[in-house]
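Residues take their numbers from the sequence shown, with the count starting at 1. Just so you know, these numbers use all the heavy atoms, side chains as well, and skip hydrogens, waters and symmetry mates. One-based numbering, in listed order, for ligands and for the atoms of each.
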Amino acid sequence: MSEAKPGWKSLPENDALAPGTADKFHTGGWRSEKPIWNEKTCIQCMICWIACPDVSVTVKDGKMTGFDYDHCKGCGICAFECPTKPKSIVMETEKK
Ligand code: SF4
Ligand code: SF4
């Protein structure tokens, strides 16, 4: 008979598990590329904001204002989805 394994509720509670703490963890440090925004060619369609899986496109008064680089992981989806030609978001290698 196999030994019973502990369930997830037996894990110690700390910041990494507490709900509502995601903002404290600067996951942008994982990034190898970063999105660069061209405000001049941006048509404010907000597709990048919809597409970003990390809610890292910043917005004020309904308009894009840039990126939250503390949490952007550099996946490039925003740049891929940006519809302008040339793109209003390009990915550039992160300088660390
Ligand atoms: S690179 Fe990825 S995580 Fe960063 S803003 Fe664009 S879609 Fe969001
Ligand atoms: S997807 Fe491109 S054009 Fe649309 S808001 Fe974002 S940067 Fe601007």
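Looking from atom 8 (Fe) of ligand 1 to the surrounding protein, the closest heavy atom is Cys52 SG, 2.3 Å. Closest to atom 4 (Fe) of ligand 2, if we only count protein heavy atoms, is Cys45 SG, 2.3 Å. The protein non-hydrogen atom at the shortest distance from atom 2 (Fe) of ligand 2 is Cys82 SG, 2.4 Å. The protein atom (non-hydrogen) at minimum distance from atom 6 (Fe) of ligand 2 is Cys48 SG, 2.3 Å.
Residue Gly74 approaches ligand 1 through these ligand atoms, each under 4.0 Å from one of its heavy atoms: 1 (S), 4 (Fe). Remark: ligand 2 atoms within the under-4.0 Å shell around heavy atoms of Ile89 are 7 (S). Every atom of ligand 1 with a heavy atom of Phe67 under 4.0 Å away is listed here by number and element: 5 (S). For ligand 2 and Met46, the ligand atoms under 4.0 Å from any heavy atom of the residue are 4 (Fe), 5 (S). Each of the following atoms of ligand 2 lies closer than 4.0 Å to a heavy atom of Thr84: 3 (S). Close approach of ligand 2 to Trp37 (heavy-atom distance below 4.0 Å) involves ligand atoms 7 (S). Per-residue contacts place Pro83 under 4.0 angstrom from the following atoms of ligand 2 (heavy atoms of the residue considered): 1 (S). Under a 4.0 Å criterion applied to the non-hydrogen atoms of Cys75, ligand 1 contributes the atoms 1 (S), 2 (Fe), 3 (S), 7 (S). Shown in contact with Cys72 at under 4.0 Å from a heavy atom are these atoms of ligand 1, numbered in order with element: 1 (S), 3 (S), 4 (Fe), 5 (S). Close approach of ligand 2 to Met64 is summarised as follows: ligand atoms under 4.0 Å from at least one heavy atom of the residue are 6 (Fe), 7 (S). The distance from ligand 1 to the heavy atoms of Asp54 drops below 4.0 Å at these ligand atoms: 3 (S).
A 4.5 Å side-chain heavy-atom check between Ile77 and Pro53 finds at least one atom pair inside the cut-off. You'll find the side chain of His71 reaches within 4.5 Å of the side chain of His26, heavy atoms only. Side-chain contact between Arg31 and Lys73 is absent, with no heavy atoms from C-beta onward closer than 4.5 Å. Using a 4.5 Å heavy-atom threshold, the side chains of Met64 and Gln44 count as touching. Looking only at side-chain heavy atoms (C-beta outward), Ile50 and Glu81 stay at 4.5 Å or farther from each other. Between Ile47 and Cys82, every side-chain heavy-atom pair lies at or beyond the 4.5 Å cut-off.
Contacts between Ile43 and ligand 2, counted as non-hydrogen atom pairs separated by less than 4.0 Å, involve both the backbone and the side chain. With a heavy-atom cut-off of 4.0 Å, Glu81 does not touch ligand 2 at all.
Side chain of Asp54 to backbone of Ser56: no donor-acceptor contact under 3.5 angstrom is found. Checking side-chain atoms of Thr84 against main-chain N and O of Cys42 turns up no donor-acceptor pair under 3.5 Å. A donor-acceptor pair under 3.5 Å links the side-chain atoms of Lys87 to the main chain of Ala79, judged by distance alone.
The nearest N, O or S atom of Cys78 is not closer to atom 4 (Fe) of ligand 1 than 2.8 Å. At least one N, O or S atom of Cys42 sits under 2.8 Å from atom 8 (Fe) of ligand 2.
The minimum heavy-atom distance linking Trp49 with Val57 is given by the pair CD1-O, 3.5 Å.
The closest approach between Gly76 and ligand 1 falls below 4.0 Å for a heavy atom of the residue.
The distance from the OG1 atom of Thr58 to the CH2 atom of Trp37 is 7.5 Å, given to the nearest 0.5 Å.
Seen from the ring of Phe67, Lys34 does not count as a face-on cation partner, given the 6.0 Å and 45° thresholds.
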